[in-house]
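Each residue takes its place number in the sequence, starting with 1.
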Amino acid sequence: MGDGLTPAGALDDLIAGNERFIAGVNVHPNQDAAYRASLAEAQAPKAVLFGCSDSRLAAEIIFDQGLGDLFVVRTAGHVIGREVLGSIEYAVAVLRTPLIVVLGHNSCGAVQAALEADETRIPPTGHLRAIVDGLLPSVQLSAARGVTDVDGIVDVHIQSTVDQLRANSATLAAAVYARTCAIVGMSYQLDAGRARLITPDPR
């Protein structure tokens, strides 16, 4: 768990776990009955994982983590809302979690839907529109930078999400300023299984 871990140490641990996952040598830590029982009274996760809801982004599997290791928040296209910010703030302010990872991935269907809506000017119906509306600023920012492919837009959106977390939460901004927490963006490659950093390495 996150007790005593620095942001750099937490990131080291996640990257090491992802390397095990890629190599197929997962150790599946912290998943036995005794450890489960030890968590009944309290939790101290080493990282918040704010990721896309895609079924292929199972955070504990990708990073070879166990019970109590990750505080996971997921929405389609990792679109931010008040509930998302509140959940992440809880992890940082109350649980003292030292790291926030924004995790996107290649071939993202939510980003593709937002790109198509921007091109056709036809918004989706129902509550899916809220997801697309949350992604459109990143699609438009990408276009302004000459980035038009879905995977390139994903990377822009990951960075934008990191920036939004800092800008929209005084709690998170203060923790980053105090260096008790770091926020990084990573992009997961579905075929290779690798989660690569796309924001500056806080280590």
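- In terms of modelled atom types and a separation under 3.5 Å, the side chain of S160 and the main chain of V156 share no donor-acceptor contact.
- Ion pair D155/R196 flagged as a salt bridge, since at least one NZ, NE, NH1 or NH2 atom sits closer than 4.0 Å to an Asp/Glu carboxylate oxygen.
- Between V154 and S187 the shortest heavy-atom distance is CG1-OG, 4.3 Å.
- A donor-acceptor contact shorter than 3.5 Å links the side chain of N18 to the backbone of G193.
- Residues G134 and V79 come closest through the heavy atom pair CA-CG1, 3.9 Å.
- When all heavy atoms are compared, the tightest approach of A117 to P124 is CB-CD, 4.4 Å.
- At least one donor-acceptor pair under 3.5 Å links the side chain of R96 to the backbone N or O of A93.
- For residues 143-165, every residue pair satisfying the ring-ring contact (aromatic ring centres under 6.0 Å, His included) rule, not counting sequence neighbours, is listed here: H78-H157.
- In this structure, the side chain of R74 engages the main chain of C52 through a donor-acceptor pair within 3.5 Å.
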Test log, rule side-chain contact (heavy atoms from CB on, under 4.5 Å), inputs V132 and V139: CA-CA 10 Å; V132 167; V139 170; over 6 Å; no
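- Contact annotation: the side chain of K46 never approaches that of L99 to less than 4.5 Å [non-hydrogen atoms, C-beta and beyond].
- For D151 (side chain) and N106 (main-chain N/O), no donor-acceptor pair under 3.5 Å exists by modelled atom type.
- Side-chain atoms of Q65 come within 3.5 Å of backbone atoms of F63 as a donor-acceptor pair (strictly under, hydrogens ignored).
- Of the candidates L67, T97, D69, L95, Q43 forms a side-chain contact (heavy atoms from CB on, under 4.5 Å) with just one, namely L95.
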